[in-house]
Each structure stands twice: as C-alpha cells, then as structure tokens.
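Let me begin by presenting the structure, written as structure tokens, before commenting on it.
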Amino acid sequence: HDASHAARLAALGAADQEEWLSRLGPRTVGVTLSDWTPLGDRMPPGSGSVRWKSLRWQMKDSMLRVLSLDSAYPGTLFEDALREAKHMGF
C-alpha cells in the first residue's frame with residue numbers, strides 16, 4: 001500500500017484513502033509512508049493530506065513500513081521525518 005498514492009487517488013475522486021486497505025488489507029504485506037499534496041509527492045509524513053490516524057488504525061502490526069521521501073530532501077529532513085513517523089505510531 002502506498003499512502004501518498006492513495007491520497008492522490010482520493011483527491012482525484014477515484015476512491016477514498018481508507019478504501020484501499022479495507023479491501024486489500026488481508027493481502028497487504030507493507031505500507032510505503034510518505035505524504036502528498038497537489039504540489040508534491042513523497043513528502044514527509046504530516047505535511048500533506050494523508051489521513052495518518054486512519055491509516056495507522058487499519059494497519060496490522062506485522063505489516064512492513066517503508067519511509068519514502070523525494071530524493072531532493074536533505075538527509076536531516078529524512079531523520080526528522082523518521083522521528084515524526086515513529087511519533088505517529090509507525
């Protein structure tokens with residue numbers, strides 16, 4: 001599951017963000033953690049329109065988590081984003 005892509009598809013009216021994991025959750029191995037806004041993709045968690053609390057509620061503890069940021073972000077921002085993701089329960 002890709003959190004930022006689910007947010008983008010929701011903004012386009014294709015499907016609600018929560019619908020992806022509710023339908024595919026039992027077959028989902030992991031989640032890519034990044035945020036999305038109309039101005040950018042692969043943003044740090046909490047900086048866009050991903051519904052993080054809802055996503056965390058839907059995830060199983062056994063699911064893998066991958067933090068994915070745009071390569072243009074400096075390493076220090078990655079460390080901050082990782083800290084924020086951990087704070088959110090990921």
Indicate the atoms forming the closest heavy-atom contact of [X] with [Y], along with that distance.
| X | Y | answer |
| --- | --- | --- |
| Ala6 | His1 | CB-CE1, 3.7 Å |
| Met43 | Gly40 | SD-O, 3.5 Å |
| Gln58 | Glu18 | NE2-O, 2.9 Å |
| Ser4 | Asp41 | OG-OD1, 3.0 Å |
| Arg42 | Ser34 | NH1-OG, 2.9 Å |
| Ala3 | Trp52 | CB-CH2, 4.1 Å |

Check whether Glu84 reaches the backbone of Pro44 with its side chain - one donor and one acceptor, N or O, closer than 3.5 Å. no
Taking Ser49 for the side chain and Trp36 for the main chain, is one N or O donor matched with an acceptor at less than 3.5 Å? yes
Is [Y] reachable from [X] through a run of I, L, V, M, F, W or Y residues, each pair having side-chain heavy atoms under 4.5 Å apart?
| X | Y | value |
| --- | --- | --- |
| Leu67 | Leu55 | yes |
| Leu33 | Trp57 | no |
| Val31 | Val50 | yes |

Quick one: are Val29 and Leu64 in side-chain contact, heavy atoms under 4.5 Å? yes
Flag the pair Phe90 / Met59 as yes when at least one side-chain heavy-atom distance between them is below 4.5 Å, and no otherwise. yes
Going from CG on Leu82 to NE2 on His87, what distance comes out if it is rounded to the nearest 0.5 angstrom? 13.5 Å
Enter the distance from Ser47:OG to Leu69:CG here, rounded to the nearest 0.5 Å. 8.5 Å
Is Arg65 atom CZ crowded by more than 12 heavy atoms from other residues, nucleotides or ligands, each under 6.0 Å away? yes
Arg8 bridged to Asp35 by N-O distance under 4.0 Å: no
